[in-house]
Visitor: 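Have a look at this one.
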There are 2 protein chains.
Amino acid sequence: MDGTRTLGRRERLRIETTAEIKAVAMDLMAEGGPGAISLRAIARQMGMTPNAIYAYFATRDDLVTTLISDVYTGLADATDAALDAAPPGDAAALIRAWGGAFRTWALAHPQGFRLIYSEAVPGYLSPEGGAGAEAEARFCLGLTRIAVTAWPHARHLHPDDFTWDDFETELLAPIREIFPGLTPTALALTLRIWGHLHGIVSLEVYGHLRAPAATLDKIYNAELAQLIRSLGIDP
Amino acid sequence: MDGTRTLGRRERLRIETTAEIKAVAMDLMAEGGPGAISLRAIARQMGMTPNAIYAYFATRDDLVTTLISDVYTGLADATDAALDAAPPGDAAALIRAWGGAFRTWALAHPQGFRLIYSEAVPGYLSPEGGAGAEAEARFCLGLTRIAVTAWPHARHLHPDDFTWDDFETELLAPIREIFPGLTPTALALTLRIWGHLHGIVSLEVYGHLRAPAATLDKIYNAELAQLIRSLGIDP
DNA sequence: GCGGAAACTATACGGCATGAATTTTATGTG
DNA sequence: CACATAAAATTCATGCCGTATAGTTTCCGC
């Protein structure tokens with residue numbers, strides 16, 4: 001029995017309209033930034049009354065939360081796919097794949113980047129735990145995998161300053177289950193690497209790095225190269 | 001003759017009111033974030049009509065631009081002061097001073113950090129060249145000074161991949177005048193270091209780094225320590 | 001074919017930035 | 001001191017925004 005078979009015209013329409021609302025919202029965001037997402041603009045675009053949207057999303061914030069989740073999922077999909085396409089044991093290749101996918105995605109979806117990382121929607125308050133929490137966890141898990149893969153080469157280069165007490169156990173448990181070889185210092189390193197790449201890409205996306213595009217490519221490649229070196233991996 | 005002596009009551013009041021508008025706007029931002037900056041809220045707080053503010057700032061965006069400039073100036077003052085208080089030739093001390101001042105300022109002024117780095121004001125569009133451009137230049141100049149100071153130790157650790165052609169000359173000229181010893185690769189390194197620290201602090205300010213405050217301190221200190229090591233400086 | 005739910009519209013309220021016109025207020029000058 | 005003038009502030013209006021409430025249409029399952 002096919003589950004979708006039982007969908008009546010009603011629920012099919014509902015799904016399609018929901019998708020259209022999100023698609024129009026994404027379009028508005030793509031040109032105009034996250035702040036351009038408004039129920040009235042979406043309704044105008046769709047030839048509807050603003051209030052009709054309330055049949056699909058309880059509030060504008062609910063819609064934005066869904067968008068953040070979708071967009072972050074897209075980012076996590078991109079980095080995961082890059083990781084899957086790289087040779088699993090080759091830490092340098094994993095770094096180049098993940099790092100490249102991250103920046104490529106960010107430059108292709110600058111407004112999406114702003115949406116998920118800078119609360120750029122006027123009155124929006126993200127729900128507890130954050131909007132794209134699940135996707136963000138998956139996104140970071142990829143980076144953690146890299147750190148775990150590289151750790152045998154890297155551990156002697158980094159002072160072993162951290163213990164598991166430095167992290168909150170409820171967040172920790174699922175990660176340690178997936179990566180039994182993870183150490184506290186490797187986790188701290190993971191967060192720092194995240195920061196490095198996030199920072200460079202973030203400055204680039206927001207236009208603070210006033211250099212030609214080709215130079216920004218070189219700078220990011222230099223960053224990845226030094227990251228690989230700093231993890232004690234042979235080029 | 002004292003220049004301020006010639007100020008009449010009128011201009012003194014104007015200056016005071018302008019200052020009060022900015023102060024109230026800062027207060028609103030401190031509790032409620034950059035998005036809470038609204039002319040009506042400011043006017044309410046001051047017991048005025050919203051339109052009265054137009055006598056002091058042409059538009060809300062003008063006010064925001066001024067605020068960004070003020071806030072960024074505060075950040076640049078903080079990092080400059082830290083740099084001035086450190087032993088000039090000691091690159092490791094400069095890094096710890098600058099990096100520490102940067103993060104300390106960001107944690108003390110999280111909403112200011114959001115204001116200057118993430119365009120979090122609803123419909124705000126920053127003018128050409130960016131709002132806090134002068135302060136940002138000064139802020140980056142401090143970091144450049146560190147890179148220049150450390151470069152003799154660091155240069156053999158970094159492949160010399162960059163040339164002056166990689167950067168735009170009009171932005172470059174004033175910097176090269178201040179730092180005759182600056183090389184293109186050192187400048188690229190400066191931007192990358194900016195990215196590293198910006199990214200870690202940014203993730204922390206936005207709550208993406210879900211770890212206890214003490215751990216975040218340790219992570220940042222580990223970052224500064226590794227930065228010093230990666231520049232070939234003895235501890 | 002009929003009851004009820006889902007989808008949608010109409011109207012309204014309060015908040016926002018801002019423009020134009022107007023009144024109030026203070027200043028410098030005759 | 002009185003008055004013209006410019007600055008400061010108010011009032012009124014327009015057009016955005018989210019969203020609450022109430023009413024209407026449409027379609028599905030029984």
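In what follows, chains carry the letters A, B, and so on, assigned in the order in which the sequence lines appear, proteins first and then strands, with residues in each chain numbered from 1.
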Visitor: Using atom CG of Leu13(A) as one end and atom C1' of dC28(D) as the other, report the distance to the nearest whole Å.
Guide: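 Result: 12 Å.
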Visitor: Answer yes or no: does a side-chain N or O of Arg14(B) lie under 4.0 Å from OP1 or OP2 of dT27(C)?
Guide: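 So the side chain of Arg14(B) is outside the cut-off, no N or O lying under 4.0 Å from OP1 or OP2 of dT27(C).
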Visitor: Could you give the CZ-to-P distance, from Arg44(B) to dA17(C), as a whole number of Å?
Guide: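 Spelled out: CZ on Arg44(B) to P on dA17(C) is 9 Å.
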Visitor: Tell me if the CD atom of Glu177(A) is crowded by more than 12 foreign heavy atoms within 6.0 Å.
Guide: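 It does not: Glu177(A) CD has 12 such atoms or fewer within range.
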Visitor: Taking for each residue the nucleotide of DNA chain D bearing the nearest heavy atom, is the 5' side occupied by Tyr56(B) or by Pro50(A)?
Guide: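 Counting from the 5' end, the first nearest nucleotide belongs to Tyr56(B).
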Visitor: What is the nucleic acid contact for Thr59(A), judged by heavy atoms within less than 4.0 Å: base, sugar-phosphate only, or nothing?
Guide: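 Sugar-phosphate, backbone atoms only, no base.
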Visitor: Nearest-Å distance, CG (Leu28(B)) to P (dG15(C))?
Guide: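 For the pair Leu28(B) CG and dG15(C) P, the rounded distance is 15 Å.
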Visitor: Give Arg40(B) one of three labels, base, sugar-phosphate or nothing, depending on what nucleic acid heavy atoms sit under 4.0 Å from its own.
Guide: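 It contacts base atoms.
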Visitor: What is the distance, rounded to the nearest whole Å, between atom CD1 of Ile53(A) and atom C1' of dC17(D)?
Guide: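 After rounding, the gap between these two atoms is 13 Å.
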Visitor: Measure the CG-CD distance between Leu189(A) and Glu223(B) for me, rounded to the nearest 0.5 Å.
Guide: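 Result: 9.5 Å between the selected atoms.
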Visitor: With a cut-off of less than 4.0 Å, is there a side-chain N or O of Ser38(A) near OP1 or OP2 of dC17(D)?
Guide: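 It does, given that an N or O in the side chain of Ser38(A) lies less than 4.0 Å from OP1 or OP2 of dC17(D).
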Visitor: Has Arg60(B) got a side-chain N or O lying under 4.0 Å from the OP1 or OP2 atom of dC16(C)?
Guide: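 So the side chain of Arg60(B) is outside the cut-off, no N or O lying under 4.0 Å from OP1 or OP2 of dC16(C).
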Visitor: Just how far is it from atom OH of Tyr220(A) to atom CD of Glu204(A), taken to the nearest 0.5 Å?
Guide: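 Reported value, rounded in 0.5 Å steps: 9.0 Å.
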Visitor: Tell me the interatomic distance from Phe57(B), atom CZ, to dA8(D), atom C1', rounded to whole angstroms.
Guide: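 Phe57(B) atom CZ is separated from dA8(D) atom C1' by 15 Å.
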Visitor: Does the distance from a Lys or Arg side-chain N to an Asp or Glu carboxylate O, for Arg114(B) and Glu119(A), drop under 4.0 Å?
Guide: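 Salt bridge: yes.
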Visitor: In whole angstrom, give the distance that lies between atom CE of Met48(A) and atom P of dA10(C).
Guide: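 In whole Å, dA10(C) P and Met48(A) CE are 12 Å from each other.
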Visitor: Base of dT21(D), side chain of Asn51(A) - is there a donor-acceptor contact under 3.5 Å?
Guide: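 Present.
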Visitor: I need the CD1-C1' distance between Ile42(A) and dC8(C), as an integer number of Å.
Guide: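 It works out to 16 Å between those atoms.
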Visitor: How close or far is atom C1' of dA7(C) from atom CD1 of Ile15(A), stated in whole angstroms?
Guide: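 Taking CD1 of Ile15(A) and C1' of dA7(C), I get 15 Å after rounding.
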Visitor: Measure from the side-chain N and O atoms of Thr49(B) to the backbone N and O of Asn51(B), and report whether any donor-acceptor pair falls under 3.5 Å.
Guide: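 Between the backbone of Asn51(B) and the side chain of Thr49(B) there is no qualifying donor-acceptor contact (under 3.5 Å).
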Visitor: Does Tyr124(A) put a side-chain nitrogen or oxygen below 4.0 Å from OP1 or OP2 of dG18(D)?
Guide: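 For dG18(D), neither OP1 nor OP2 has a side-chain N or O of Tyr124(A) closer than 4.0 Å.
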Visitor: Looking across every strand, which nucleic acid part, if any, lies under 4.0 Å from Tyr54(B) by heavy atom: base, sugar-phosphate, or nothing?
Guide: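 Contact class for Tyr54(B): base.
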